[in-house]
**Q** 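Please read through the structure below; I'll follow up with questions.
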Amino acid sequence: MITIQNLTKRYGSFTAVDDITFTAPPGSVTGFLGPNGAGKSTTMRIAVGLTRPTSGSVHVLGANYRDLPNPAARVGVLLDASAQHSGRTGREVLTLGAMTLGTPQNRVDQVLEQVGLTAREANSRVGTYSLGMRQRLGVGHALLGNPEVLILDEPANGLDPQGIHWMRSLLRGFADAGGTVLLSSHLLHEVQMIADRIVMIGQGRIVADGAIDQLLSDGTDLETLFLTSTMSTSREGIAA
Ligand SMILES: Nc1ncnc2c1ncn2[C@@H]1O[C@H](COP(=O)(O)OP(=O)(O)OP(=O)(O)O)[C@@H](O)[C@H]1O
Ligand SMILES: [Mg+2]
């Protein structure tokens, strides 16, 4: 469970996140959707203790992330898939991750299999990876410690349709086993494929929140909802 309560983040006079409240419950995949600059990454960085909120709180599994014992083993995080060390192989990245977490090394092979990186790919340097392969590796890294919660910033960027399908089944399985998933995206179609709940944000404010079926029950499609909900708040007046 992730509980966000009256969260605000200001940079000087600019309000990046404006008094948002929502929860990502266990057993579901919550898509955090909004145009570029809406405040998604800022919210996720606050959730994992990398950015300080101006006011309000984010509780992950009932506490501030930083107050959880061994948080990385309970909360899997992918913030920037392109930030991985490019000189290491995928296997090395995961091996180091497992060592840091105190996770048995056989978990590395399990994770490689789970994210669909072949032995040849795992032994190649991350610098040679496509964006989709980096996303798979990043999700693998997040899964290493068998976490209860996944916080994934734009994990679907760069994935081909097969990759999206793979991510949907992976996250669906994770949620069905009782896990909590919060994933951000500015890509409507991908989110609709992967998530069962949606929290929509525009210019730092929540503009829609609920189960996808419920939000679209009157026949509205997600794109129309997104455009109409974020139009008035979008900086350029157009959604990403
Ligand atoms: N360290 C910072 N200093 C000043 N402004 C910041 C800082 N970090 C983020 N912002 C601003 O906060 C706003 C929200 O940024 P954020 O990265 O959270 O958006 P986002 O929803 O993740 O967008 P995207 O879809 O492009 O990833 C943007 O206007 C951004 O410029
Ligand atoms: Mg972002």
Side-chain angles (χ1 to χ4, degrees), residues 2-24 29-60 64-66 75-84 131-132 134-139 141-142 149-159 163-164 167 171 181-195 197-209 215 222-223 225-240:
I2 302 170
T3 313
I4 299 187
Q5 190 76 44
N6 298 112
L7 184 71
T8 294
K9 177 65 187 180
R10 288 193 202 95
Y11 293 105
S13 61
F14 176 72
T15 306
V17 175
D18 194 357
D19 194 27
I20 67 170
T21 297
F22 70 88
T23 58
V29 178
T30 302
F32 193 26
L33 189 59
N36 294 130
K40 304 178 297 293
S41 297
T42 303
T43 302
M44 291 176 133
R45 290 177 58 81
I46 293 170
V48 299
L50 289 172
T51 296
R52 235 176 211 288
T54 304
S55 59
S57 63
V58 183
H59 285 168
V60 183
N64 286 323
Y65 177 87
R66 283 174 175 277
V75 184
V77 178
L78 170 63
L79 288 185
D80 185 356
S82 59
Q84 288 145 5
L131 180 54
R134 282 174 200 244
Q135 295 285 23
R136 285 172 187 261
L137 180 64
V139 171
H141 197 271
V149 174
L150 286 174
I151 296 178
L152 310 172
D153 195 5
E154 306 272 0
N157 270 7
L159 291 182
I164 298 287
M167 183 160 297
L171 297 182
V181 183
L182 179 66
L183 78 108
S184 77
S185 182
H186 56 270
L187 305 169
L188 297 169
H189 182 66
E190 280 72 357
V191 168
Q192 196 161 10
M193 295 277 292
I194 295 171
R197 297 185 65 259
I198 285 207
V199 174
M200 228 181 251
I201 184 171
Q203 214 165 336
R205 290 178 167 264
I206 304 294
V207 292
D209 178 359
L215 288 173
L222 192 58
E223 188 169 6
L225 179 69
F226 184 79
L227 288 171
T228 52
S229 309
T230 57
M231 188 76 88
S232 56
T233 58
S234 173
R235 285 179 176 83
E236 289 85 22
I238 48 160

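FYI, the numbering just counts along the sequence from 1. Atom set for the values below is all heavy atoms of this structure, side chains included, hydrogens, waters and symmetry mates excluded. In listed order, ligands and their atoms are each counted from 1.
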**Q** Between H186 and ligand 1, which part of the residue brings a heavy atom under 4.0 Å of the ligand: side chain, backbone, both or neither?
**A** side chain

**Q** Please assess D19 against L7 for the test side chain to side chain contact (heavy atoms under 4.5 Å, CB included), listing each intermediate value before the final yes or no.
**A** CA-CA 5 Å; D19 194 27; L7 184 71; over 6 Å; no

**Q** Does ligand 1 have any atom sitting under 4.0 Å from a heavy atom of E154?
**A** yes

**Q** With side chain to side chain contact (heavy atoms under 4.5 Å, CB included) as the criterion, how do L183 and M167 come out once you've worked through the C-alpha distance, each side chain's angles and the decisive distance to 0.1 Å?
**A** CA-CA 11 Å; L183 78 108; M167 183 160 297; 5.7 Å; no

**Q** Distance under 4.0 Å to a non-hydrogen atom of A16: what atoms of ligand 1 satisfy this?
**A** 12 (O), 13 (C)

**Q** Give the single entry among T42, L33, T15, N36 that approaches atom 18 (O) of ligand 1 most closely by any heavy atom.
**A**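 Considering heavy atoms of T42, L33, T15, N36, the nearest to atom 18 (O) of ligand 1 sits in T42.
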
**Q** Taking 2.8 Å as the cut-off, does N36 contribute an N, O or S atom near the Mg ion (ligand 2), distance below it?
**A**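 No - counting backbone and side chain alike, N36 has no N, O or S atom under 2.8 Å.
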
**Q** G34 versus ligand 1: do any nitrogen or oxygen atoms come within less than 3.5 Å of each other?
**A** no

**Q** Once rounded to the nearest 0.5 Å, what's the spacing between atom CE of M44 and atom CD1 of I2?
**A**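 Output value for this atom pair is 7.5 Å.
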
**Q** What distance separates S185 OG from I194 CD1, expressed to the nearest 0.5 Å?
**A** 7.5 Å

**Q** Ligand 1 and F14, any nitrogen or oxygen pair closer than 3.5 angstrom?
**A**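 Among all N and O atoms of F14, none is under 3.5 Å from an N or O of ligand 1.
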
**Q** Out of K9, K40, R10, indicate the one that has the non-hydrogen atom closest to atom 25 (O) of ligand 1.
**A**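 Of the listed residues, K40 has the closest heavy atom.
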
**Q** For atom 27 (O) of ligand 1, state which one of P35, S41, G204 supplies the nearest heavy atom.
**A** S41

**Q** Show the numbers, then the answer: is there a side chain to side chain contact (heavy atoms under 4.5 Å, CB included) between K40 and L182?
**A** CA-CA 11 Å; K40 304 178 297 293; L182 179 66; over 6 Å; no

**Q** Find the distance between CG (L227) and CG (L188) and round it off to the nearest 0.5 Å.
**A**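 Result: 7.0 Å between the selected atoms.
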
**Q** Mind listing the closest non-hydrogen atom pair of A208 and L215 along with its distance?
**A** CB-CD2, 4.4 Å

